[in-house]
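So the structure is just underneath, and the comments pick up after that.
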Amino acid sequence: MGLTHTDAYVDSLLANLTEPQREAVQHTEGPLLVLAGAGSGKTRVITRRAAYIAATVARPWEVLAITFTNKAANEMRERIEALGGGQRDAADSPPRAGRTSSGMTVCTFHALCARILRMYHERLGLSRSFTVFDQADRRKVVKDAIVHCQLSTTNWAPARMEGAISRAKNAMQTPEIFASEASDWGERTIARIYATYEQILAEQQGVDFDDLLLKTAFLLGGDDIVRDQLERRYRYVLIDEYQDTNEAQYRIARLLTRERQNICATGDPDQSIYGWRGANIGNILKFEEDYPDARVVRLEQNYRSTKRILAGASAVIAHNRRRKQKGLWTENDEGAPIRVLEFEEAEDEARDVARRIAAHKAAGRQLSDIAVFYRINSLSRALEEALLQAGVPYQIARGTEFYNRKEIKDVLAYLRVMINPADETSLLRIINVPARGIGDTTVERLQKLASDSGRRVYDVIADASAVQTLGRSAMKLLAFAELLRSLEPLAQQAPMRALDQALSLSGLRAALTDSADEDARSNVDELINAASEYEQDNPESTLVDWLEHTSLLGDVDAVRAESGAVTLMTLHAAKGLEFPVVFIVALEEGILPLQHVDEPDGDIEEERRLFFVGMTRAERELTLSHVRYRMQRGITQRQTRSPFLAELPSRDIEWLDADDEYAAPHDDHDSQRRPEATRTQRPPRWCEGMLVRHPTFGLGRLVWVQPAGKHTRAGVHFTSGQHKTLILEFANLEPIDPREID
DNA sequence: ACGCCAGAAGTTTTT
DNA sequence: CTTCTGGCGT
């Protein structure tokens, strides 16, 4: 098995590894736990191990590697491919989503589950073409459920209900279990909403993100034949970021490896930061109990940070009780001390961070080497303003998402209805988009007609005699039915063609062309590109495949690292990344650690881990700051500095007063330093980074500039927080001298 | 269909 | 202080 590989290839997979790393790679049979400290070369071990298994004891398609994000999956897949080998084995099978060219499966938990559910849909009473409902769809269905229960959305806030339902699902509680455990009227009411929500989903053949996991866990747990088939299919299972698994994921992992126990869990309990989302750090902590024969490998050498940064981070995390003892060490330089700064208020803090970043840049540092982290998104505002003022380009890794844009959701809704006519959420979304004179009243009567006759809205619209009873709107509804019918055959087409046709036939394309919304147009163009790209990568794929792919795709993947810009993000978003220079702001009691009004003593250990994650992102320089007064929600409050600061070892810390003058950053880039030359030649009229003013949007900065036909297009970040794509020739922008602003 | 205003709500968010 | 939502008016 798999012995088509040369010894030289196998040797190459073991080359350049430390002893523990090699041990992890070579331990192929039986349970293995890899406790991988921050920056310890975990990905290298996982990818080598996967390739090693496929080269020695298994066929590539018997190897399954599960990650949490698409980004991680893609990265891992690429790195496994780069190791070479294995290609021959699969020359006969077509490339498929989530597979390496040799046929190894590398995907997220959710993608794996979607595939399994699709495979065994009959046993679950699901249609083969069920649709994955995203957050927005889920919100809509929750609202409908609340209304259905004759409750008000004011008393029963959809967001809260959503949270409650999601938590129940993460804990693998069905509505029945939830109801039986409800202790008071409030909980019993939530149970009713939950049950109704489930019913609506089922009627629409919809499956939400949590369901993907939950249904798979129940399927595997309740059906030995299925479990056995999958266990034979995936003989070697790798799970990354095991500390972040929730109950359902944990069950799936255990069930998939029940007989052979060829499970390799990698992760770091100190980096578990999603407890509030159902992740259970206990899963990784009790791995050795679950698998008494488990081999445990610790990767403790850090290749990322300086000695002092590592010492600081280690000292902080040592205060946690729920963890596995770990001694991180590094052969890297001693490095500069961790700086701690105190300011009067947020504006001072932000201004200083901006000033230090500008100094780094002047010293020759790439801005893409620098990141600023904060606990909550609202803290970015002050930073953005200060950076804008200082003329430092920045990029925010915010989840304001591509796939949540109205125009994108609209087109996708058409496609979803095409493949799943039961998807009423999507159907009602597009029934009057673009506007075709079907108003709310008509829609309501239509829904009533459907529920009275026990039919799907889709079928009622197509029923001429039923539609006739709706009076004046009948003609419009029939025209819409005709449109839907003309779209039906497209479901069999390849993704891009289906998308293109749907855009034309629906009238969306025409509406878009007429509209002034430049952004919407370019977003739809981007969607077409995405479909075309997907088709090229997965030639055999169907529309169903692509739709599933898009619904499981977060925007993390869409956030490309912009060179020439500082990165601003939350501590959560920082996980898995690294930057030479890192700032963490607002180290204050109540913010980091964050305190919530409802639960005064939240999980302090998780907050500490969050801080730990932030600190260990830094390679060379780490600067922490806090203020004495901070305004939040319009109220200025006296702030106390974070207790975490007191946990830092004093010999690795440099406490600085806000008023201290500081030297230019002392790093390796001094040689490239040059004075800010006064520019003599005339700069191009428009260039990236330039400050501009727009008559309505106000002050902003050009993020990118591109020729587009006879015109020039540019992306502009405005101080208001808006991001616009503008045609420079029409936009009436006025270039601004930075000095003008002060 | 769009815009305006009052009122509420306001961690983190891999999928 | 802000940002979003829902209801109402044009």
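Note: hydrogens, waters and symmetry copies are ignored here, and every other heavy atom, side chains too, is used. Each chain gets a letter, A, B and so on, in the order the sequences are listed, and its residues count up from 1.
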Test side chain to side chain contact (heavy atoms under 4.5 Å, CB included) applied to A/Ile281 and A/Leu285, step by step: CA-CA 7 Å; A/Ile281 188 175; A/Leu285 295 177; 4.2 Å; yes
query: Side chains of A/Glu384 and A/Tyr394: is there a donor and an acceptor less than 3.5 Å apart?
result: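 A pair is found: one side chain offers a donor N or O, the other an acceptor, under 3.5 Å apart.
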[atom1] of [X] versus [atom2] of [N]: gap in Å, rounded?
| X | N | atom1 | atom2 | result |
| --- | --- | --- | --- | --- |
| A/Arg139 | C/dT5 | CZ | C1' | 11 Å |
| A/Ile635 | B/dG10 | CD1 | P | 14 Å |
| A/Asp410 | B/dA1 | CG | P | 13 Å |
| A/Arg160 | B/dG10 | CZ | C1' | 11 Å |
| A/Met569 | B/dT13 | CE | C1' | 15 Å |
| A/Asn170 | B/dT13 | CG | C1' | 12 Å |
| A/Arg167 | B/dT13 | CZ | C1' | 13 Å |
| A/Glu605 | B/dT12 | CD | C1' | 18 Å |

field: Those residues that, when tested against A/Leu379, pass side-chain contact (heavy atoms from CB on, under 4.5 Å) (two or more places apart)
entry: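 Listed in chain order: A/Tyr374, A/Ile376, A/Ala586, A/Ile591, A/Arg630.
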- request: Between A/His572 and A/Arg436, name the one whose nearest nucleotide on DNA chain B is closer to the 5' end.
  value: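 So the residue in question is A/Arg436.
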- prompt: In terms of the nearest nucleotide of DNA chain B, which residue is placed more toward the 5' end: A/Glu606 or A/Asp210?
  reply: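 Per heavy-atom nearest nucleotide, the more 5' residue is A/Glu606.
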May I ask you to evaluate whether [X] reaches the phosphate of [N], defined as a side-chain N or O under 4.0 Å from OP1 or OP2?
| X | N | answer |
| --- | --- | --- |
| A/Asn377 | B/dT12 | yes |
| A/Thr570 | B/dT11 | no |
| A/Asn70 | B/dT14 | no |

Let's see if you can work this out: which of [options] has an atom nearest to the side-chain heavy atoms of [X]?
| X | options | result |
| --- | --- | --- |
| A/Glu607 | B/dT14, B/dT11, B/dT15 | B/dT11 |
| A/Arg633 | B/dT11, B/dT15, B/dT13 | B/dT11 |
| A/Arg381 | B/dT12, C/dT2, B/dT15 | C/dT2 |
| A/Trp276 | B/dT15, B/dT11, B/dT12 | B/dT12 |
| A/Phe68 | B/dT13, B/dA1, B/dT14 | B/dT14 |

Within 45° of the axis and under 6.0 Å from the centre of the six-membered ring of [Y], does NZ or CZ of [X] qualify?
| X | Y | value |
| --- | --- | --- |
| A/Arg416 | A/Phe133 | yes |
| A/Arg138 | A/Phe209 | no |
| A/Arg608 | A/Phe644 | no |

task: Can you sort out the partners of A/His549 under ring-ring contact (aromatic ring centres under 6.0 Å, His included), two or more places apart, ordered by chain and number?
output: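 A/His549 satisfies ring-ring contact (aromatic ring centres under 6.0 Å, His included) with A/Tyr534 only.
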query: Hey, mind stepping through A/Gln135 and A/Glu162 against side chain to side chain contact (heavy atoms under 4.5 Å, CB included) and telling me if it holds?
result: CA-CA 9 Å; A/Gln135 209 119 12; A/Glu162 226 180 291; 4.1 Å; yes
Looking across every strand, which nucleic acid part, if any, lies under 4.0 Å from [X] by heavy atom: base, sugar-phosphate, or nothing?
| X | answer |
| --- | --- |
| A/Tyr274 | base |
| A/Asn246 | nothing |
| A/Asp244 | base |
| A/Glu241 | nothing |
| A/Ala573 | nothing |

message: Looking only at the aromatic ring of each residue, does the gap between the centers of A/Phe68 and A/Phe109 stay below 6.0 angstrom?
response: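 A/Phe109 vs A/Phe68: aromatic centres under 6.0 Å.
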Anything under 3.5 Å between a protein N or O and an N or O of nucleotides 6-10 of chain C, put it in a table, one pair a line.
unit_1: C/dG6; atom_1: OP1; unit_2: A/Lys143; atom_2: NZ; d: 3.2

message: In whole Å, measure the gap between the P atoms of C/dT5 and B/dT12 for me.
response: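 Roughly 15 Å separates the two P atoms.
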field: C/dC4 versus B/dT13 - spacing of their P atoms, nearest Å
entry: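 Looking at atom P only, C/dC4 and B/dT13 are 15 Å apart.
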message: Base of B/dT11, side chain of A/Arg375 - is there a donor-acceptor contact under 3.5 Å?
response: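 Side chain to base: no pair below 3.5 Å.
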